[in-house]
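Here the structure comes first, spelled out in structure tokens, and everything after it is commentary.
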Protein chains: 2
Amino acid sequence: MAIREKVFSTIVNCFKRHGAETIDTPVFELKETLTGKYGEDSKLIYDLKDQGGELLSLRYDLTVPFARYLAMNKITNIKRYHIAKVYRRDNPAMTRGRYREFYQCDFDIAGQYDPMIPDAECLKIVHEILSELDLGDFRIKVNDRRILDGMFAVCGVPDDKFRTICSTVDKLDKMSWEDVRCEMVKEKGLSEEAADQIGEYVSMQGGQDLAERLLQDPKMSQSKQAVAGLTDMKQLFSFLQLFQVTDKVVFDLSLARGLDYYTGVIYEAILTQTGPIPPPAAAEQNGAGGDEGSVSVGSVAGGGRYDGLVGMFDPKGRKVPCVGVSIGIERVFSILEQKAEASAEKVRTTESQVMVVSAQKNLLEERLKLTAELWNAGIKAEVMYKKNPKLLSQLQHCEDSGIPLVAILGEQELKDGVVKLRTVASRDEVDVPRAELVEEIKKRTSLV
Amino acid sequence: MAIREKVFSTIVNCFKRHGAETIDTPVFELKETLTGKYGEDSKLIYDLKDQGGELLSLRYDLTVPFARYLAMNKITNIKRYHIAKVYRRDNPAMTRGRYREFYQCDFDIAGQYDPMIPDAECLKIVHEILSELDLGDFRIKVNDRRILDGMFAVCGVPDDKFRTICSTVDKLDKMSWEDVRCEMVKEKGLSEEAADQIGEYVSMQGGQDLAERLLQDPKMSQSKQAVAGLTDMKQLFSFLQLFQVTDKVVFDLSLARGLDYYTGVIYEAILTQTGPIPPPAAAEQNGAGGDEGSVSVGSVAGGGRYDGLVGMFDPKGRKVPCVGVSIGIERVFSILEQKAEASAEKVRTTESQVMVVSAQKNLLEERLKLTAELWNAGIKAEVMYKKNPKLLSQLQHCEDSGIPLVAILGEQELKDGVVKLRTVASRDEVDVPRAELVEEIKKRTSLV
């Protein structure tokens, strides 16, 4: 929990820096709200027992409840974050980081704005968070649903095969091109020619230059959709340059996130360092707001633009354009927990700054009095709940729980109006006048 | 949510100041874990649909899951807090502050310690939190389950009527003594003489002096249980004096909290000021960790010692003594939200410090660049997602959302290497060299 709290605060600070507020939606949704939003995965939704009243289910992700909330409350623009648990009827595999209850961490910008500005901010946020969390090097792949669809069209994929071919492309982060090609041709009945044309495009990676090149591409430029996507991609990169994050962002035509509701830009952040990275299950489950099928090994964030989802919940179908990002926070926990374990660094579970102790008997009351003085001054202080604890066991508690300072009271100190302040690490001791104790503790613990 | 976040941080800071860590237990428990812990209220437990696998229910409070967690993990001492939602199949009455999903906020100390030290710390914590939240004047009533039982015994209540008479006494905060007496005698068949003797005791209120007086009381001193409780009560008050909180704490023999699992000291904090206090429902539901029947009007915190609960979950029945307090946080939210509404004070939903604006066209890129500079320096900054927004609409957004500063960019400012910094409230504007902007914003917003 201590590691988790630190991750939460890093992420929340970033969201707040970007002017986001938080809203809270209930853990229940009407069963019908969730129906038909998750395709095959709907079987993983937890339903409540029918005990009378509405039929309810537990939320499966945070995006659908957010869209439902916007439509219900007729909100047309908001920048919000939500960190909360979601529930899936899955076989838990704790060792693989797969749970039935886990956190999702979403940031979304809803509203009608000029192209790609909020989209660029989402990528800036991913960049800030992954840098601050210090998870190692990373890359953020971006693509656009319209570029994918345009590419399929110009490569001769029949309309009714877009989705299924897209989901095969999505496997490129786990399978070789040969295997992907084979699946397209043998299993999905695509022509070899079309497959090979797709193969050429999906091997392309670049930045603004690639978007420009593809806009000149004789085939791609035939598709209105692709042109719209590529024009926005160019614009996106120009904003990303202003935000100074292009070092980590790559336009990658093989990125094809699974969820049907994306309508424009899509992105996914992956860690590029090898190291003690948790197995894929955690990433699949948590990387991308419910997007199990399409998250690559090493994925720690993902998202995209979904301009149609809110309209599904509005009686009149009014659309609210949205773009968002989901941080794979459970994955981040796993990585940082493994790091902490590997470094054998002790993770503190409390923040206590000082322990009030005594070497002598019958000083419980004096200890309690001093402790209360410290509490009242805002110092995080502990005291042992024993009448006459041994000095050694009090010091041992400090060692065990990482409390950096010890305030020692004895008859002599009481007589002299001082407290002996001991630094646990160095064992240095110094007498501090009681009136100056609070300041001294603050000074010393602010350096830690 | 903004008010809620402030309440959360005040409370969490207090818990951390007292050396507590947080643990998280799942929202599900096995159905059987919850069975038989809540008496009649068990009908309010939400069960999950049987979709295969274990039979699960949603947690009804945080205390039973905590006890189950201690027993399962063989933890014999811990100081923990937990703020999380619990679920009850109730008819929601939003206007009365009664929900099916609501927060509980618990702090508990588990472990074998010398008498009344952790108990006193719990009361100190209630005192600190209620003072800091600035809810108005309050009182904390304390009593002891053993004093109540001893009192019933010496007043001639038959053993098998202790619980039912206790629950009648518990109504004294809502009913007159006459009505309570009537219920005891008419409905519950208690003798008039016993009822009158109870009436004498339950009218008593005091402090350490009252505990001392009752220890000398010819009747009370006949009960071993009462003597044990009164001795501890004396001790408790001596610690409370050291903590300087006796001004708000009153030993009140009429306090009788409902939950069966209490074994020693019990307490409840009430607001004593009249004012826009939410109706009793919120208090009943949230005041005391599940203790619906027994929370008085105005109750904002409650708790007590429960030394037997953990043992119910341990296969060998090993006991872990516990004492805890539950802050009625939903009630606190209601009160502070009503206060905020009444004062017509605008509650900010974001923490943004500055908005980067321009009065001229074609400066989107410059605005984004400056905004990114501010984000990178840790400043909470917003920018409008429009190419050429009107100055007025940008300033209006600051007014609406309470952003205190505006950083204005124009051709002239860019040429001069400055930014015009405007204070929204006073409309003062001053040119700040771009290199000094971050410091200037930090300086100005730290004063707010």
Side-chain angles (χ1 to χ4, degrees), chain A residues 1-2 4-5 13 16-24 26-28 46-53 58 79 85 87 89 100-101 109 111 113-114 117-118 120-121 124 128 238-239 242-244 349-352 364-365 368-369 372 375-376 378-387 401 403, chain B residues 1-2 4-5 13 16-24 26-28 46-53 58 79 85 87 89 100-101 109 111 113-114 117-118 120-121 124 128 238-239 242-244 349-352 364-365 368-369 372 375-376 378-387 401 403:
Chain A
M1 287 302 298
R4 291 174 178 225
E5 278 188 49
N13 282 340
K16 287 188 175 173
R17 198 158 58 232
H18 286 263
E21 58 190 290
T22 184
I23 58 175
D24 190 17
V27 79
F28 310 121
Y46 269 114
D47 295 329
L48 292 195
K49 194 170 153 188
D50 185 355
Q51 293 167 300
L58 298 186
K79 198 192 280 195
K85 286 182 178 169
Y87 302 90
R89 282 183 58 237
R100 296 189 293 191
E101 167 179 75
I109 301 173
Y113 301 114
D114 281 325
I117 314 177
E121 185 170 9
K124 169 77 171 130
E128 285 180 20
S238 78
F239 293 144
L242 295 173
F243 289 164
Q244 298 184 304
T349 57
T350 70
E351 298 175 9
S352 304
L364 170 62
E365 304 207 333
L368 292 181
K369 215 169 122 184
W375 286 332
N376 291 345
I379 301 288
K380 294 170 185 143
E382 287 189 47
V383 63
M384 202 159 265
Y385 303 131
K386 298 266 181 193
K387 268 187 202 156
S401 60
I403 301 174
Chain B
M1 286 301 297
R4 290 175 178 225
E5 278 188 51
N13 282 341
K16 286 187 174 173
R17 198 159 57 231
H18 286 263
E21 59 191 289
T22 183
I23 58 176
D24 190 17
V27 78
F28 311 122
Y46 268 114
D47 296 330
L48 293 195
K49 193 170 153 188
D50 186 355
Q51 293 167 299
L58 298 186
K79 198 193 279 196
K85 287 181 177 169
Y87 301 91
R89 283 184 56 237
R100 297 189 293 192
E101 167 178 76
I109 301 173
Y113 301 114
D114 281 326
I117 313 178
E121 186 171 7
K124 169 78 170 131
E128 285 180 21
S238 77
F239 294 143
L242 295 172
F243 289 163
Q244 298 184 304
T349 57
T350 69
E351 297 176 11
S352 304
L364 170 62
E365 303 207 336
L368 292 181
K369 215 168 121 187
W375 285 333
N376 291 344
I379 301 289
K380 293 171 187 142
E382 285 189 49
V383 63
M384 202 159 264
Y385 303 131
K386 299 267 181 194
K387 269 188 202 156
S401 60
I403 301 174

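Here is how names work: the chains are called A, B, and so on, in the same order as the sequence lines, proteins then strands, and each is numbered from 1.
Using the six-membered ring where Trp is involved, A:Y87 and B:F28 have ring planes that are perpendicular, over 60° apart on the 30 and 60° scheme. Aromatic ring pairs are classed by plane angle as parallel below 30°, tilted from 30° to 60° and perpendicular above 60°; the pair B:Y113 and A:Y385 is perpendicular.
Contacts with chain B were tallied for A:L242, A:I379, A:T350; A:L242 has the most, counting heavy-atom pairs under 4.5 Å. Of all the listed residues (B:M384, B:E5, B:E128), the one sharing the greatest number of non-hydrogen pairs under 4.5 Å with chain A is B:E5. In terms of heavy-atom pairs under 4.5 angstrom with chain B, the leader among A:T349, A:D47, A:D50 is A:D47. Chain A forms the most heavy-atom pairs under 4.5 Å with one residue out of B:L58, B:N13, B:I117, B:T22, and that residue is B:I117. Listed options A:K369, A:E351, A:H18 were ranked by heavy-atom pairs under 4.5 angstrom with chain B; first place goes to A:H18. Ranked by non-hydrogen atom pairs under 4.5 Å with chain A, the options B:G111, B:P118, B:S238 are led by B:P118. Highest contact tally toward chain B, considering only A:P26, A:S401, A:A20, is held by A:P26 [criterion: heavy-atom pairs under 4.5 Å]. Annotation: maximal heavy-atom pairing with chain B below 4.5 Å, among A:I109, A:V383, A:I23, occurs at A:I109. Chosen from A:R4, A:K124, A:K79, A:E121, the residue pairing most often with chain B at heavy-atom distances under 4.5 Å is A:E121.
The two residues B:S352 and A:G19 make their nearest non-hydrogen contact at OG-CA, 3.3 Å. The two residues B:N376 and A:Q244 have their closest heavy-atom pair at ND2-OE1, 4.5 Å. Between A:W375 and A:A381, the shortest heavy-atom distance links the atoms NE1-O, 2.9 Å.
Within the 4.5 angstrom heavy-atom criterion, atoms from both the backbone and the side chain of B:E365 approach chain A. If you measure heavy-atom distances from B:I403 to chain A, you find no contacts under 4.5 Å at all. The parts of B:Q51 that come within reach of chain A are both its backbone and its side chain, each placing non-hydrogen atoms under 4.5 angstrom from that chain. The parts of A:K16 that come within reach of chain B are both its backbone and its side chain, each placing non-hydrogen atoms under 4.5 angstrom from that chain. Contact annotation for B:V27: both backbone and side-chain heavy atoms come within less than 4.5 Å of a heavy atom of chain A. Looking at B:K387, the atoms closer than 4.5 Å to chain A (heavy atoms on both sides) sit in the backbone and in the side chain alike.
Atom NZ of residue B:K49 and atom NZ of residue A:K49 lie 12.0 Å apart, to the nearest 0.5 angstrom.
In this structure the side chain of B:K85 reaches within 4.5 angstrom of the side chain of A:D24, judged on heavy atoms.
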Give the C-alpha distance, both sets of side-chain angles, the deciding distance and a yes or no for side chain to side chain contact (heavy atoms under 4.5 Å, CB included) between B:D114 and A:L364. CA-CA 11 Å; B:D114 281 326; A:L364 170 62; 6.0 Å; no
